[in-house]
Structures are given as structure tokens and as C-alpha cells.
Undergrad: 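Attaching a single structure in C-alpha cells format; questions to follow.
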Amino acid sequence: MNQIQTYIQTHKERFLNELIELLKIPSISADSAYKKDVLKTADAIKISLENVGCNHVEICETDGYPIVYGEIIKDKSLPTVLVYGHYDVQPPDPLDLWHSPPFEPVIKKTDAHPEGAIYARGACDDKGQMYMHVKAVEFMTATNQLPCNVKFMIEGEEEIGSSNLATFVKQNHEKLKNDVILISDTGMIANDVPSITTGLRGLSYVEVEVTGPNRDLHSGLYGGAVANPINVLTKMIASLHDENNHITIPGFYDNVEELSKEERAEMAKAPFSLENYKKALDIKDIYGEDGYTTNERNSIRPTLDVNGIWGGYIGEGAKTVIASKAYAKISMRLVPNQDWENITKLFAKHFENIAPKSVTVKVKPHHGGQGYVTPINSIGYKAASKAYQDAFGKKPIPQRSGGSIPIVSLFEKELKSKTILMGFGLDSDAIHSPNEHFGVWNYLKGIETIPLFYKYFTELSK
């Protein structure tokens, strides 16, 4: 057992207890009812950064929730690693599908996590993964092994689009100056198959409203004579894909990056069992765009999905009504070269054009961001690869992710530095879903691996 492993085992219970206390705070940025809890979490992060040796920590106010900034500047001639993470979490709904309360963390053993997993909202996304970095720096400062400078930028609005972080970054180039940005808000293929995320999809998120009559109507007196906005909305949504599950918005695919056969062949080397995939999701068959594999559909291809739909009467019992309005929330995951603002405009124009004259349509953009690809020949990637190889005993596989971290492309534009995505979660950890969890082994393995990144990045930067 090496020094970092010994340190982790010595402090394992404290590391777990500290994370559990953080997970108890319902820092739901999307719901203003939890404002005090979000602010309480920011204060807790500030204290944690101070406790691990940051010599400067501050809570930076924004027009929304604050950003917690901390730093250890050893020597300005040394490389600087900027750690980004977020302390806000997704809403826990639907609550009735949780096996234990989302903000009362429990550790339970599973097939995927025989050493136990922490069940709580935010366990993997992103409190658990963010806190790995705090504890990794604790080890390096406690043992005098921090080889370079480190800065932390932990925000509270990632789950609602990071709009105020963008402003903060643009206004604080000097404060945030760095040589590489390090993020753990992604996953890896499996505990015995380490991987590094080299690409993220972009995002365009919109809400649509379809209005028919000026009030709810009796479905017997008016049914068949007046357009039902719910019927119309569902037809409009259905028309957004053709029989090959290809998105029908004109211009949608104009700038889509097409990967070469060689690149697709490299992707195909990642271990994947279609039967296990279906079994884990309890589905009978797969679905998606013709001509692509499951792993390609959820990573290198753009998508359009309805995230919520409502209108009319949804209470108990029956109410025969034609609703005045119907609504849906729709997200589009985008690949590199697709501009999210342009895609939002294309969607709005198309959705308005396909609406029948019997209804009116409004499209409300919520938030979005660009896709991102990081090169595998950069110093940062090489350092991460060596770190995984040391900690896991095998070379990691580069992998593109289907998820989005919209702020990453802005980091490169504004701060002129590359981002390395060192995720330690698994696809089965149910992020954004009921029963989100994060393996105890994964949490501790992250704390073990991250200091190695600092070591190799500093060595390779000389």
C-alpha cells in the first residue's frame, strides 16, 4: 500500500462522513424554495477549502447563486491547475421512486458496488466527484506533496445553465488564469475499464406552449369542432422525427461532425454488452437513428427528446375537458460544430411553421451550450492517462460522452486552456434520476488518482 492509499484508509470514515453531511443539504438551484439551502452549501464548500489548506478562499456573489473560489499559489513559476465543479443538484422528483429519501444519504451494497454506494441526490453529480478534488488536495497539502498551484471554482448554477458563471469567467481572466482545467463531472466505462472523456455534446433546451381556445372547453359540446392543443402538440412533436428516427428540422444536420471509419472503429473497442444494457434498463429493444450503434447514438450523434409534457386535467378521476393550452419541455443534445443558438432558432422557426392555423405557438429558449472535444495529444490528457494507469493498473480508453457541460467550451474561449475530464462515476449511478448513487470505491479511487494527475502534469510541463 502506497502513501496515498494509506492516507485514504486512515481517513476513510471521515472522508465519507464529510461527503454525507454535504449531501444532506438540498441545494436545488432550479427551485427558489431551496435558496437558503443552496447558500448554505456554498458556505460549507468555503469552509472545506479553508480546511484543506487554501490560503485564499472567497464567496463571489453573482446575479444568481455565488461561486466559491479558492487557491493555493506556491510559486507563480509553477503550473496552475484550475478545478471546476458544482455544488447545486437536480430536483429529486419523482420522490415516490426513491428507495430512501434523496437528502438522507445511506450506503448500500449493490452488484455494481460491492463495497457500497452512497445513495443521495448529488452523490455522483456532482458533490461526490467535486469533493474528491477537495480531499485530494488535502492529501497533497498534509503530506507536502502539492507540486504546483491549484485554484478552485465551484459554482451553484450548473444544473440551470451556468449563465452567471459565464459572466464571472469573462470578468475574471487574471484570477482564473491557469495551465489546465480539471473537471470530474463525467463517468468511466467500468471500475475495471478506466476511461477519459474526450468529448461532450452541446445542448439546446426549450419550452413550447400551444394555445387553442381562450378557455378550457366541455369536450362533449366542443369536441371535434375546436382544435385540442394537447392533440396538436403531440402530433407536432411526433413529426420532429421521421421513420428512421432522423430529426426533421431543416438545417439541423448542416454542421454535424461526421467521424471517420477509423475513429468509429476505435470507439467500438470499448467493452459493451447490448444485452446487459437492455437488462439494466429493463427494456425489450433498443431505439434510435438508423445507421449507428447504441454507443454512437448516445455520444457522437445529435438528439431531440421531450423532457416533460402537460396540459388539461391530470388530477384524480375524470374531467371531460378540452384544454386551452398544452406545454412541453424539449432538449436537443448537439455534437461539435453545431451552434446551440443557431439550433434553437432553427427549432423555433420549424415548430412555428408546422403548427396548424387553429392554434398559436410560443417557443421559449431556456439555456444551452456548445459541444467540446479535447485532443488526446495534449499534456493534460497525457498526464491524466498516466495517472489512471498508475492507479488502475491499465491504460484508460478515450471516450466521448453523450452528456453536456455547457461551460467547458466557454472556458477554452475565454481562458485559452484545455479541459481534462476525469470522471469516476458509472452510467448505472442514476444521475438526474431517482436513487442516484456513487460507489464508495469510486469516491476513494478518485481521491487516489487525482494527486497523480498533478504529479504528472507538473513533470510534463517542464
Side-chain angles (χ1 to χ4, degrees), residues 26-34 38 86 88-98 102-103 121-122 125 157-163 201-212 216 227-241 245 247-249 252 281-283 287-288 297-298 302-316 319 321-334 340 343-348 350-352 354-355 359-369 402-406 429-436:
S27 51
I28 306 167
S29 55
D31 189 339
S32 60
Y34 294 91
V38 180
H86 65 93
D88 63 323
V89 302
Q90 282 273 324
D93 309 75
L95 291 171
D96 60 323
L97 295 183
W98 283 80
F103 297 105
R121 173 57 87 227
D125 181 21
E157 296 183 321
E158 195 274 344
E159 300 294 4
I160 54 173
S162 301
S163 59
R201 288 194 288 193
L203 175 68
S204 169
Y205 195 103
V206 301
E207 183 173 320
V208 298
E209 174 188 295
V210 176
T211 303
D216 289 359
N228 183 325
I230 302 175
N231 292 353
V232 171
L233 175 60
T234 54
K235 288 181 180 179
M236 292 171 68
I237 288 172
S239 76
L240 295 175
H241 292 88
N245 296 314
I247 296 164
T248 57
I249 299 170
F252 187 86
L281 299 175
D282 195 21
I283 56 176
Y287 173 90
R297 289 167 180 161
N298 64 24
T303 63
L304 184 152
D305 286 292
V306 179
N307 305 127
I309 185 167
W310 69 99
Y313 181 69
I314 56 173
E316 186 177 349
K319 182 181 181 184
V321 63
I322 294 174
S324 171
K325 295 177 180 290
Y327 305 85
K329 294 181 187 289
I330 296 172
S331 65
M332 289 160 281
R333 298 285 176 170
L334 311 175
W340 78 270
I343 292 296
T344 302
K345 291 175 183 176
L346 290 176
F347 174 90
H350 178 66
F351 208 71
E352 290 164 359
I354 63 174
V359 299
T360 57
V361 170
K362 290 182 182 178
V363 178
K364 176 184 176 183
H366 274 288
H367 62 270
S404 304
I405 308 177
D429 287 344
I431 63 171
H432 290 211
S433 301
N435 304 306
E436 177 182 351

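Starting from 1, each residue takes its place in the sequence as its number. None of the values given here were measured: they were computed from a predicted structure.
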Undergrad: When rounded to the nearest 0.5 angstrom, what distance separates CG in L304 from CD1 in I237?
TA: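 Reported value, rounded in 0.5 Å steps: 9.0 Å.
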Undergrad: Would you call H350 and T248 a side-chain contact if the rule is heavy atoms closer than 4.5 Å?
TA: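 H350 reaches T248 side chain to side chain.
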Undergrad: Using the six-membered ring wherever Trp is involved, compare the ring planes of Y205 and H366 and label them parallel, tilted or perpendicular (cut-offs 30° and 60°).
TA: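 Ring orientation of Y205 relative to H366: perpendicular.
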Undergrad: Check this for me: I314, atom CD1, are more than 12 non-hydrogen atoms of other residues, nucleotides or ligands nearer than 6.0 Å?
TA: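 No, not enclosed.
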Undergrad: Indicate the atoms forming the closest heavy-atom contact of E352 with V363, along with that distance.
TA: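 Heavy-atom minimum between the residues: OE2-CG2, 4.4 Å.
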Undergrad: Between E436 and R121, does any side-chain N to carboxylate O distance fall below 4.0 Å?
TA: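 R121 and E436: salt-bridged.
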Undergrad: Are P26 and V89 close enough that some pair of their side-chain heavy atoms sits under 4.5 Å apart?
TA: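 A side-chain contact under 4.5 Å is absent here.
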Undergrad: What's the shortest heavy-atom distance between L97 and N435, and which atoms?
TA: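 That would be O-ND2, 2.9 Å.
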Undergrad: side-chain contact (heavy atoms from CB on, under 4.5 Å) between M236 and V208: does it pass, once the steps are laid out?
TA: CA-CA 11 Å; M236 292 171 68; V208 298; over 6 Å; no
Undergrad: For the pair S324 (side chain) and D216 (backbone), establish whether a donor and an acceptor sit closer than 3.5 Å, ignoring hydrogens and angles.
TA: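 No; zero donor-acceptor contacts below 3.5 Å.
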Undergrad: Side-chain contact test, heavy atoms from C-beta onward, threshold under 4.5 Å: evaluate it for S204 versus L334 and give yes or no.
TA: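 Yes, their side chains come closer than 4.5 Å.
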Undergrad: Where is the tightest heavy-atom contact between I249 and L346, given as atom of each residue plus distance?
TA: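 Here I249 and L346 meet closest at CG2-O, 3.7 Å.
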Undergrad: I'd like to know whether D125 forms a side-chain contact (heavy atoms from CB on, under 4.5 Å) with D429, so could you lay out the CA-CA distance, the side-chain angles of the two residues, the decisive distance to 0.1 Å, and finally the verdict.
TA: CA-CA 9 Å; D125 181 21; D429 287 344; over 6 Å; no
Undergrad: Is there a donor-acceptor pair under 3.5 Å between the side chain of N228 and the backbone N or O of I230?
TA: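 Yes, N228 side chain to I230 backbone: donor-acceptor pair under 3.5 Å.
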Undergrad: Using every non-hydrogen atom in the two residues, find where L240 and I354 come nearest and quote the distance to one decimal.
TA: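 Between these two residues, the closest heavy atoms are CD2-CD1, 4.4 Å.
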Undergrad: Is the backbone N or O of T303 less than 3.5 Å from a side-chain atom of R333, with the two atoms forming a donor-acceptor pair by type?
TA: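 Not a single qualifying donor-acceptor pair exists.
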Undergrad: Which value, rounded to the nearest 0.5 Å, describes the distance between H86 atom NE2 and I405 atom CD1?
TA: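 The NE2 atom of H86 sits 7.5 Å away from the CD1 atom of I405.
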Undergrad: Is any NZ, NE, NH1 or NH2 atom of the basic residue among K325 and E209 found under 4.0 Å from an Asp or Glu carboxylate oxygen of the other?
TA: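 Looking at E209 together with K325, the answer is yes, because their closest N to O distance falls below 4.0 Å.
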Undergrad: Within a radius of less than 6.0 Å around CG of D282, do more than 12 heavy atoms belonging to other residues, nucleotides or ligands occur?
TA: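 No, CG of D282 has 12 or fewer neighbouring heavy atoms, counting only those of other groups under 6.0 Å.
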Undergrad: To the nearest 0.5 angstrom, please state how far the CD atom of E159 sits from the NE2 atom of H367.
TA: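 Result: 8.5 Å between the selected atoms.
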Undergrad: With rounding to the nearest 0.5 angstrom, report the CG to CD1 distance, L233 to I309.
TA: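 Separation between the atoms: 4.5 Å.
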Undergrad: Would you indicate whether K329, at its atom NZ, is surrounded by more than 12 heavy atoms from other residues, nucleotides or ligands within a distance under 6.0 Å?
TA: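 Atom NZ in K329 is crowded, with more than 12 foreign heavy atoms closer than 6.0 Å.
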Undergrad: Looking at every non-hydrogen atom in both residues, tell me the closest pair between N307 and I330 and how far apart they are.
TA: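 Taking N307 first and I330 second, the nearest heavy atoms are OD1-C, 3.7 Å.
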Undergrad: Determine the minimum heavy-atom distance between P302 and I247, stating which atoms define it.
TA: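 Residues P302 and I247, closest heavy atoms: O-CD1, 4.1 Å.
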